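Let me begin by presenting the structure, written as structure tokens, before commenting on it.
Values in this document were obtained by computation on a predicted structure and should not be read as measured data.
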Amino acid sequence: MAGQTLERKGPHRIIRASVEHAETLKLPSPDEAIFTLVILRTGTVTAKIRQTLCYIKAPAVICINERQEIQVLHEEHAAYSIVYFDPVFININMTIHALRSNMSENFIDSFGFFHLSPFLMEDPEKLYISLSDETCETIESYFLSLQNELDAQSDWYWSCRARSYFMDIINVLERIYHNYYVQDSTSRCSTRPISDELHGILSYINNHLDADIRLDDICERFMMSRNRVERLFHKYLNLTFYDYIKSQKLDRICYYLRFTELRAKEICSRVGFSSSQNLCKFFKAMTGTTPNAYRLEEITRRRQLIPLIRQADQPGQDRTVGVEALSENA
């Protein structure tokens, strides 16, 4: 594969993921069945993606699946940060065959298959994702952390941390779409665009959940009154400013508990809590349960669904998942 296949020094599995900085977009050979996440930091690229001509200006992200339906026609002053990965890097059960199978919504949610929706969506308008400079900096910081973990492999826990940083990148990409649209209260199946003002505020909040964000800081940064900011949140989200921040912190905590093995101490630093005790207190107040109980419940739920993923996988392929491997991808 492009870059280097890195093998974990442990009993569970091989980690097929690598990263590189480049000035030319290089793709692995099609028979390797590798996905590619391309972060265009500077410059422009003209490419044909799924037969659609795209002019892509930095900063932007291109999500390329194993079918590699992309042809680069011209690059100008381009600088890339690239992640090459097998989907099982995220979850040992996330084979390409399973990803492309007709799974139930409950199954997709339980195993986190939605993480790779940017790579699998067919909408021509979502072939690449434009970024703000600030969001690009956030993604690049996760990329550098991922690179460090893959290179250093400092302890037995490195693969979990590496996976978590990569999932942070994917999470940012998903939030970009959802920040532009909110559920229409008049219909369960439709969305409506939010205002540019609120989009800017939401992007800032989601890029700084590790900080202590206050309403006065937002007002000063975006040159709005407190009443104006609160009205925007109520109109489009039916939430107060601080309720939205709490909901996003809770979502991020649940995300780490469900799909990584990050310890509470490491989760704290990513969602702006000063101690594990404060995080646990917040989580219990919001959910009525403890972080550890929530994580164990999610692991149990996935164990019950393992037979279904075996059915969805390629015929004849043995993908028995032991307790250790399943726990590693909790």
Side-chain angles (χ1 to χ4, degrees), residues 1-28 34-42 58-64 78-92 94 112 115-116 118-119 131 133-175 206-211 252-253 255-257 259-273 276 279 328-330:
M1 64 183 290
Q4 179 185 11
T5 300
L6 299 172
E7 184 171 346
R8 176 176 178 174
K9 306 299 189 291
H12 296 317
R13 60 193 177 102
I14 293 174
I15 304 298
R16 296 186 72 214
S18 65
V19 299
E20 69 174 9
H21 293 289
E23 296 180 354
T24 300
L25 179 55
K26 298 177 292 184
L27 295 178
I34 296 295
F35 283 24
T36 307
L37 173 68
V38 181
I39 306 164
L40 178 63
R41 304 194 317 273
T42 63
V61 167
I62 311 169
C63 299
I64 305 171
Y80 303 100
S81 296
I82 307 174
V83 184
Y84 306 97
F85 68 100
D86 186 326
V88 297
F89 172 52
I90 298 178
N91 185 295
I92 197 170
M94 198 178 286
H115 292 312
L116 292 184
F119 294 85
L131 306 174
D133 290 336
E134 186 175 60
T135 299
C136 188
E137 289 178 8
T138 299
I139 290 178
E140 183 66 13
S141 70
Y142 291 140
F143 176 90
L144 293 174
S145 296
L146 166 63
Q147 183 179 44
N148 180 65
E149 293 296 338
L150 291 175
D151 289 344
Q153 301 184 35
S154 58
D155 55 37
W156 70 270
Y157 204 57
W158 72 266
S159 66
C160 179
R161 288 194 300 267
R163 186 170 65 251
S164 73
Y165 286 122
F166 178 70
M167 291 167 66
D168 281 334
I169 295 174
I170 300 299
N171 194 27
V172 170
L173 301 183
E174 288 187 322
R175 287 174 182 274
N206 291 329
N207 285 331
H208 296 85
L209 279 180
D210 58 341
R252 191 71 61 88
I253 294 169
Y255 171 83
Y256 290 131
L257 292 174
F259 301 114
T260 79
E261 278 192 332
L262 291 178
R263 303 179 181 95
K265 180 180 179 181
E266 291 182 284
I267 296 176
C268 284
S269 64
R270 302 196 191 193
V271 289
F273 285 91
S276 301
L279 183 146
E328 181 188 19
N329 290 275

CG of Leu262 to SG of Cys268, rounded to nearest 0.5 Å, is 11.0 Å

In terms of heavy-atom contacts, Glu149 and Ala162 come closest through CB-CB, 3.8 Å

* Asked: Would you say Thr36 and Val83 make side-chain contact, with heavy atoms under 4.5 Å?
  -> no

Separation between CD1 (Ile267) and CG (Leu279), nearest 0.5 Å, reads 6.5 Å

One should read off an interatomic distance between Ser141 OG and Tyr165 OH, to the nearest 0.5 angstrom, of 9.0 Å

Worksheet item: Any side-chain heavy atom of Tyr80 sitting closer than 4.5 Å to one from Leu40?
Response: yes

dist Phe35:CZ -> Asp86:CG (nearest 0.5 Å) comes out at 8.5 Å

Heavy atoms of Asn206 and Arg252 approach each other most closely as O-NH2, 3.4 Å

Between Cys160 and Glu261 the two heavy atoms that sit nearest each other are SG-N, 3.2 Å

query: Relative to the ring of Phe119, is the ring of Phe85 parallel (under 30°), tilted (30 to 60°) or perpendicular (over 60°)?
result: perpendicular

May I ask you to test the Val88-Arg16 pair for a side-chain heavy-atom distance under 4.5 Å?
no

Checklist line | Minimum side-chain heavy-atom gap Gln147-Leu150 below 4.5 Å | finding: no

Taking every heavy atom of Leu173 against every heavy atom of Cys63, the minimum-distance pair comes out as CD1-SG, 4.0 Å

### Query
Does a side-chain heavy-atom distance below 4.5 Å link Arg163 with Phe259?
no

Can you establish whether the number of heavy atoms outside Glu134 located under 6.0 Å from its atom CD is more than 12?
-> yes

Separation between CG (Asn148) and OG (Ser154), nearest 0.5 Å, reads 7.5 Å

Do any N or O atoms from the side chain of Tyr255 and from the backbone of Met167 form a donor-acceptor pair under 3.5 angstrom? yes

Between Asp155 (side chain) and Trp158 (backbone), is there a donor-acceptor pair under 3.5 Å? yes

| request: Mind running side-chain contact (heavy atoms from CB on, under 4.5 Å) on Ser164 and Arg270 for me, showing each step along the way? | output: CA-CA 11 Å; Ser164 73; Arg270 302 196 191 193; 3.1 Å; yes

In terms of heavy-atom contacts, Leu27 and Tyr84 come closest through CA-CE2, 4.5 Å

Arg263 NZ/CZ over Tyr157 ring centroid, <6.0 Å and within 45° of normal: yes

Between Pro59 and the options Thr42, Thr135, Asp133, Ile139, the side chain to side chain contact (heavy atoms under 4.5 Å, CB included) test singles out Asp133

Checklist entry - Between Tyr256 and Asp168, is any side-chain donor less than 3.5 angstrom from a side-chain acceptor? => result yes

Interatomic distance, NE2@His21 vs CD1@Ile39, rounded to 0.5 Å, equals 8.5 Å

